[in-house]
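Note sheet for the following structure.
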Amino acid sequence: MRALPVFILLGGWLAQSAQAADAQDWLKRLTEAELRQSFHGAFIYERNGSFTTHEVWRKVESSGEVRERLLQLDGPAQEVVRVNGQTWCVSSTLSDQLPEAQAWPSRSLDTAVLAQWYDLRLVGESRVAGRPAVVLSLSPRDQHRYGFELHLDRDTGLPLKSLLLGDKGQLLERLQFTWIDTKDAPADGSVQPSQACEAVRVTEAPKGQSSRWRSEWLPPGFSLASEQERRSPASSDSVSWLVYDDGLSRFSVFLEPLHGAVVEDARSQLGPTVMVAKRVSTADGDVMVTVVGEIPLGTAERVALSMRAAEAPAAQ
């Protein structure tokens with residue numbers, strides 16, 4: 001009889017392992033669907049108690065190119081067009097808020113990496129936009145990231161509903177389709193930008209060139225995903241734009257020279273999105289470091305304080 005609890009524990013462990021394996025299989029289906037599946041639909045986006053509605057078109061060309069167009073249907077007219085996951089143009093109302101233009105997320109998931117930082121489980125079934133779905137839970141393994149609940153279409157693997165959850169399970173953000181058509185690919189014209197969509201002018205850091213900036217601390221699992229330069233909305237200076245991610249969560253770091261300008265430190269949070277701005281001294285003068293993303297506030301502050309100018313390479 002003493003062995004009975006061992007069998008109970010073993011059974012629970014085997015069930016959890018099976019759930020994790022099933023969850024990884026569904027995440028692989030999601031990744032494949034977002035590379036290959038065209039669709040047209042509409043969804044509701046909720047953040048901080050406010051709702052907006054959006055229409056989205058995604059067309060996967062025979063060449064493999066993925067073109068997406070997102071249009072906000074209420075409030076200010078806002079439009080985003082992306083090609084292969086990169087923002088190509090945005091409406092003028094979003095041109096100075098590029099991180100906020102990502103209401104429809106672009107994912108490329110590596111399940112083996114995600115399993116290091118999230119507890120992956122298949123937890124049930126649901127029905128979204130009239131379609132049967134499976135429910136996946138991705139619970140963070142530390143305090144530096146938020147949790148997710150994904151409702152994936154049983155037929156295609158596309159995410160029909162996505163919930164971003166805080167450390168106490170509170171809802172921070174919701175994206176939920178009201179209808180979706182996956183049978184017919186959108187017409188070419190529907191994924192083309194309107195005249196109000198302004199081209200995004202960013203410059204990728206040259207390949208092989210060391211970054212001008214380094215971080216003395218990053219939350220475990222996060223690494224530099226891209227580095228770009230963009231024009232400052234307030235001056236003629238270029239602003240360094242670094243993007244870090246852990247394969248699912250993402251945050252941006254902007255670094256702008258101050259040239260003696262007096263700017264106060266700031267911190268704010270709107271729903272899941274935090275903004276932390278800190279003045280950092282460098283050999284070339286003070287720089288304003290701004291961290292923006294869907295990570296806990298304390299994590300964003302620690303990242304901002306850790307940014308340093310990279311040391312110049314020694315002369316040969």
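By the rule that hydrophobic residues join a cluster once side-chain heavy atoms approach within less than 4.5 Å of another member, Val287 and Leu258 end up as members of separate clusters. The hydrophobic cluster containing Phe254 does not contain Met288, counting ILVMFWY residues as joined when their side-chain heavy atoms lie under 4.5 angstrom apart, directly or transitively. Taking hydrophobic clusters as Ile, Leu, Val, Met, Phe, Trp and Tyr residues chained together by side-chain heavy-atom distances below 4.5 Å, Trp117 shares a cluster with Trp26. Under a hydrophobic clustering in which Ile, Leu, Val, Met, Phe, Trp and Tyr are joined whenever their side-chain heavy atoms come within less than 4.5 Å, directly or via other members, Val56 and Val81 fall into different clusters. Using a 4.5 Å cut-off between side-chain heavy atoms of Ile, Leu, Val, Met, Phe, Trp and Tyr, with links allowed through other members, Tyr45 and Leu71 fall into different hydrophobic clusters.
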Evaluation steps, side-chain contact (heavy atoms from CB on, under 4.5 Å), between Val239 and Leu255
CA-CA 6 Å; Val239 179; Leu255 303 108; 5.7 Å; no

Which is it for Arg145 and Asp246 under the side-chain contact (heavy atoms from CB on, under 4.5 Å) test, yes or no, and what are the steps along the way?
CA-CA 9 Å; Arg145 65 206 88 219; Asp246 67 352; 2.8 Å; yes

Before you tell me yes or no, could you show the steps for Thr52 and Asp74 under side-chain hydrogen bond (donor to acceptor under 3.5 Å, both in side chains), namely the whole-Å CA-CA distance, both residues' side-chain angles and the distance that decides it to 0.1 Å?
CA-CA 6 Å; Thr52 52; Asp74 48 12; 5.0 Å; no

Mind running side-chain contact (heavy atoms from CB on, under 4.5 Å) on Arg267 and Leu297 for me, showing each step along the way?
CA-CA 8 Å; Arg267 53 182 289 186; Leu297 188 59; 2.6 Å; yes

Between Glu79 and Arg69, does the salt bridge (Lys or Arg N to Asp or Glu O under 4.0 Å) criterion hold? Intermediate values first, please.
CA-CA 7 Å; Glu79 179 180 5; Arg69 180 168 175 251; 2.8 Å; yes

side-chain contact (heavy atoms from CB on, under 4.5 Å) for Met307 and Trp213? Distances and angles first, verdict last.
CA-CA 7 Å; Met307 298 304 299; Trp213 302 95; 4.2 Å; yes

Quick one, Glu216 with Arg308, criterion salt bridge (Lys or Arg N to Asp or Glu O under 4.0 Å). Give me CA distance, side-chain angles, the key distance, then yes/no.
CA-CA 7 Å; Glu216 293 187 338; Arg308 299 288 184 270; 3.7 Å; yes

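Between the Glu264 side chain and the Ala266 main chain, no donor and acceptor come within less than 3.5 Å of each other. A distance-only check finds no donor-acceptor pair linking the side chain of Gln116 to the backbone of Leu114 [under 3.5 Å]. The backbone N or O of Arg154 sits less than 3.5 Å from a side-chain atom of Arg29, completing a donor-acceptor pair. Between the side chain of Asn84 and the backbone N or O of Val66, at least one donor-acceptor pair lies under 3.5 Å. Listed for the Glu55 side chain is no donor-acceptor partner under 3.5 Å among the backbone atoms of Gly41. Formation of a donor-acceptor pair under 3.5 Å by the Thr111 side chain with backbone atoms of Gln24 is not found in this model.
Using the six-membered ring where Trp is involved, His40 and Trp179 have ring planes that are perpendicular, over 60° apart on the 30 and 60° scheme. Using bins of under 30°, 30° to 60° and over 60° for the plane-to-plane angle, the ring pair Trp217/His144 lands in the perpendicular bin. In this structure, His54 and Phe43 have parallel ring planes: the angle between them is below the 30° cut-off, well short of the 60° mark.
Among Leu163, Leu164, Ile44, the single residue meeting the side chain to side chain contact (heavy atoms under 4.5 Å, CB included) criterion with Arg174 is Leu163.
Asp142 places none of its side-chain heavy atoms less than 4.5 Å from the side chain of Pro219. Residues Arg250 and Val243 have side chains in contact (heavy-atom distance under 4.5 Å, counting atoms from C-beta outward). Within the 4.5 Å cutoff, no side-chain heavy atoms of Thr290 are placed close to those of Val253. Gln143 places none of its side-chain heavy atoms less than 4.5 Å from the side chain of Asp167. Inter-residue side-chain proximity for Ser91 and Gln78 is flagged as met; some heavy-atom pair is nearer than 4.5 Å. The shortest distance between side-chain heavy atoms of Leu120 and Leu27 falls below 4.5 Å. Residues Val291 and Val274 have side chains not in contact (no heavy-atom distance under 4.5 Å, counting atoms from C-beta outward). Considering only heavy atoms from C-beta on, Leu248 comes within 4.5 Å of Phe148 through its side chain.
Checked by atom type, the side-chain pair Thr156/Thr182 shows no donor-acceptor distance below 3.5 Å. The closest side-chain donor-acceptor pair between Tyr244 and Ser249, if any, does not fall under 3.5 angstrom.
Here OG of Ser306 is found 8.5 Å from CZ of Arg302. Values are rounded to the nearest 0.5 Å. How far CD of Glu46 is from CZ of Phe51: 3.5 Å, rounded to the nearest 0.5 Å. From Cys89, atom SG reaches atom CD of Glu198 across 9.0 Å, with rounding to the nearest 0.5 Å. Separation of atoms CZ (Arg214) and CG (Leu224) is listed at 14.0 Å; rounding is to 0.5 Å. Taking CG from Asn48 and CG from Leu270, the interatomic distance works out to 4.5 Å, rounded to the nearest 0.5 Å. Between Ser126 atom OG and Arg131 atom CZ the span is 12.5 Å, to the nearest 0.5 Å.
The side chain to side chain contact (heavy atoms under 4.5 Å, CB included) check on Ser137 picks up Val123, Ser139, with sequence neighbours excluded.
Here the shortest heavy-atom pairing between Gly293 and Phe251 reads CA-CB, 3.9 Å. When every heavy atom of Arg141 is checked against every heavy atom of Asp119, the shortest pair comes out as NH2-CA, 3.6 Å. Nearest approach of Tyr146 to Pro296, heavy atoms of both residues: OH-CA, 3.5 Å. Of all heavy-atom pairs spanning Phe39 and Pro186, the tightest one is O-CG, 3.3 Å. Looking at every heavy atom in both residues, Ala304 comes nearest to Val280 through O-CG2, 4.1 Å. Asp265 and Lys278 get closest at one heavy-atom pair: OD1-CA, 3.5 Å.
We find that Glu68 and Arg82 are joined by a salt bridge, their nearest charged nitrogen and carboxylate oxygen being less than 4.0 Å apart.
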